[in-house]
Amino acid sequence: MTDVGRTLLVTVTGRDRPGVTAALFDALTGYDVEVLDVEQVVIRGRLLLGVLVSPGSEEAGLRAAVAAAAHAAGMDVEIASGSGDNEPRRSGRLHVTILGRPLGTAAMAGLAARIAGCGANIDRIMRLSRTPVTSLELDISGATDPDRLRGELAAEAAARGVDIAVTRAGLHRRGRRLVVMDVDSTLIQDEVIEMLAAHAGCEAEVARVTEAAMRGELDFEASLRARVALLAGLDAGVIDAVRAAVRLTPGARTLIRTLKRLDHEVAIVSGGFTQITDALVAELGLDHSAANTLEIVDGKLTGGLVGVDNGGPLTATRFHEVHFQAASINSFGPINAEIGVQLSQVPLASPVSGFFIVLT
């Protein structure tokens with residue numbers, strides 16, 4: 001390997017077009033240089049390409065060849081002499097994902113300050129999406145106390161009105177993943193049982209049962225049974241109207257499409273009803289689903305439930321059973337992300353080896 005004591009940093013900027021990178025490396029060919037590092041980014045059609053190389057056997061000729069290639073491509077070029085390569089990245093490497101709608105400069109300033117205040121450094125920033133939310137991924141090093149950094153960033157994100165996730169760096173992030181999400185008020189904006197209750201004229205009663213469950217006076221199964229019982233006698237045709245009125249959460253379709261493109265599998269696990277979730281599975285191309293089924297007799301809701309795989313109503317235990325079934329079928333190991341599952345339904349001791357996001 002060539003001694004990297006002395007190096008040349010070639011920086012090319014200008015309007016992006018096909019062939020610029022090829023032209024630069026073609027110009028470097030024949031000068032006995034070693035490529036030490038390359039970074040390339042395009043922002044609003046403007047290219048920034050940086051190449052770090054050894055000086056080679058004929059530096060003057062190299063400089064002239066690179067300048068000629070850049071001129072022919074209509075690009076600006078700068079060649080700076082220096083010494084050495086980038087310093088090795090420090091330990092304590094994390095990935096920080098930021099989502100905002102909009103993502104303001106004050107939020108970025110606050111988060112960056114928190115990272116610096118914890119003694120960590122931002123090594124790289126990459127945009128993941130622009131619509132319907134702006135999302136950025138930051139590569140962080142030097143986070144000697146990840147728990148402290150995670151807490152600092154969570155506090156700043158809450159104050160700035162953005163969402164944030166902090167995950168470990170490493171090759172495990174490249175593997176195939178299983179993502180499990182809740183449905184009501186997560187994948188969709190609505191609470192289906194409240195929509196059904198509106199048709200049945202029992203919204204207030206259902207709301208009272210929900211509030212009692214939120215206060216811890218009823219467990220999830222008891223509150224679910226009590227609310228479904230209030231729907232007894234409702235015409236089953238109402239389900240079609242509710243299904244048509246369900247609204248996806250902004251960004252949900254993009255999230256699922258992106259996860260699928262990355263070869264991840266997506267499951268939904270809901271305390272709601274298959275009469276709604278089955279349509280979501282078909283529409284969004286989901287891989288796994290589990291929910292309760294409203295019992296219907298003679299075209300009317302009975303006020304009862306048909307259990308999941310005859311396993312009884314979908315409670316916290318059933319959530320975990322379905323999690324493990326989906327993971328074992330596909331050899332995923334632990335669930336990698338669990339999104340939006342309410343704390344009243346699933347204990348925090350959940351088989352998640354990634355991050356746990358609760359949307360409220």
Side-chain angles (χ1 to χ4, degrees), residues 9 11 13 37-50 52 78 80 82-174 177 179 186 249-251 254-255 258-259 262 336-340 343 348 352-360:
L9 176 59
T11 306
T13 58
D37 196 3
V38 181
E39 292 281 353
Q40 179 171 317
V41 64
V42 177
I43 300 179
R44 207 184 64 182
R46 300 290 294 182
L47 170 70
L48 173 59
L49 169 61
L52 186 68
E78 177 186 277
S83 60
D85 194 352
N86 293 331
E87 293 184 5
R89 291 186 183 181
R90 296 179 292 172
S91 58
R93 294 173 60 193
L94 300 170
H95 293 283
V96 176
T97 306
I98 306 169
L99 300 92
R101 192 185 186 201
L103 180 58
T105 54
M108 287 299 297
L111 292 168
R114 297 267 190 164
I115 291 169
C118 290
N121 186 63
I122 301 173
D123 297 326
R124 182 176 299 167
I125 302 176
M126 179 177 68
R127 188 175 76 177
L128 301 178
S129 69
R130 175 65 185 88
T131 58
V133 297
T134 299
S135 60
L136 303 176
E137 183 174 82
L138 283 59
D139 290 355
I140 305 298
S141 64
T144 56
D145 188 346
D147 290 338
R148 178 194 167 198
L149 178 60
R150 185 177 286 107
E152 293 270 354
L153 292 177
E156 188 69 28
R160 301 294 184 180
V162 298
D163 293 314
I164 198 158
V166 181
T167 57
R168 290 187 300 113
L171 293 177
H172 70 281
R173 300 180 78 245
R174 304 292 184 182
R177 304 298 184 90
V179 177
T186 302
T249 298
T254 300
L255 170 64
T258 301
L259 291 170
L262 294 171
N336 295 106
E338 187 170 281
I339 303 175
L343 295 178
L348 282 175
V352 180
S353 84
F355 47 92
F356 184 95
I357 305 172
V358 177
L359 304 180
T360 56

Practice task
Begin from the C-alpha positions of T249 and T186 and carry the test side chain to side chain contact (heavy atoms under 4.5 Å, CB included) through to its verdict.
Solution key: CA-CA 7 Å; T249 298; T186 302; 5.9 Å; no

Completion exercise
Residues passing the side chain to side chain contact (heavy atoms under 4.5 Å, CB included) test with L128, sequence neighbours excluded, are T97, M126, S135, E137

Problem - Flag side-chain contact, heavy atom, 4.5 Å: I43 against L48 - result: no

Handout entry: Gap between atom CZ of R130 and atom CG of L103 - 0.5 Å precision
Key = 9.0 Å

Exercise for the section: Carefully, step by step, assess D123 and S141 under the rule side-chain hydrogen bond (donor to acceptor under 3.5 Å, both in side chains). Expected result: CA-CA 7 Å; D123 297 326; S141 64; 2.8 Å; yes

Exercise for the section: Check the pair H95 / D139 against side chain to side chain contact (heavy atoms under 4.5 Å, CB included), numbers first and verdict last. Expected result: CA-CA 5 Å; H95 293 283; D139 290 355; 2.8 Å; yes

Problem - Separation between OG1 of T134 and CG of L99, rounded to the nearest 0.5 Å - result: 9.0 Å

Handout entry: Any donor-acceptor N/O pair, T105 side chain to A109 backbone, under 3.5 Å
Key = no

Handout entry: Note, L94 side chain near L138 side chain (heavy atom, < 4.5 Å)
Key = no

Practice task
Indicate the atoms forming the closest heavy-atom contact of L149 with A143, along with that distance.
Solution key: CD2-CB, 3.9 Å

Practice task
Evaluate side chain to side chain contact (heavy atoms under 4.5 Å, CB included) for L111 paired with I98, printing each intermediate quantity in order.
Solution key: CA-CA 9 Å; L111 292 168; I98 306 169; 3.6 Å; yes

Practice task
Decide yes or no for E39 and R124: does some side-chain heavy atom of the first lie under 4.5 Å from some side-chain heavy atom of the second?
Solution key: yes

Practice task
Can you tell me which residue pairs pass the salt bridge (charged side-chain N to carboxylate O under 4.0 Å, His left out) test with a partner in residues 98-115, sequence neighbours excluded?
Solution key: R114-E152, R114-E156

Fill in the blank from the handout: Rounded to the nearest 0.5 angstrom, the OG1-CG distance for T254 and L259 is 10.5 Å

Exercise for the section: Flag the pair V162 / I164 as yes when at least one side-chain heavy-atom distance between them is below 4.5 Å, and no otherwise. Expected result: no

Handout entry: Rounded distance [0.5 Å steps], CD in E78 versus CG in L9
Key = 7.5 Å

Practice task
Compare all side-chain heavy atoms of L49 with those of T11 and state whether any distance is below 4.5 angstrom.
Solution key: no

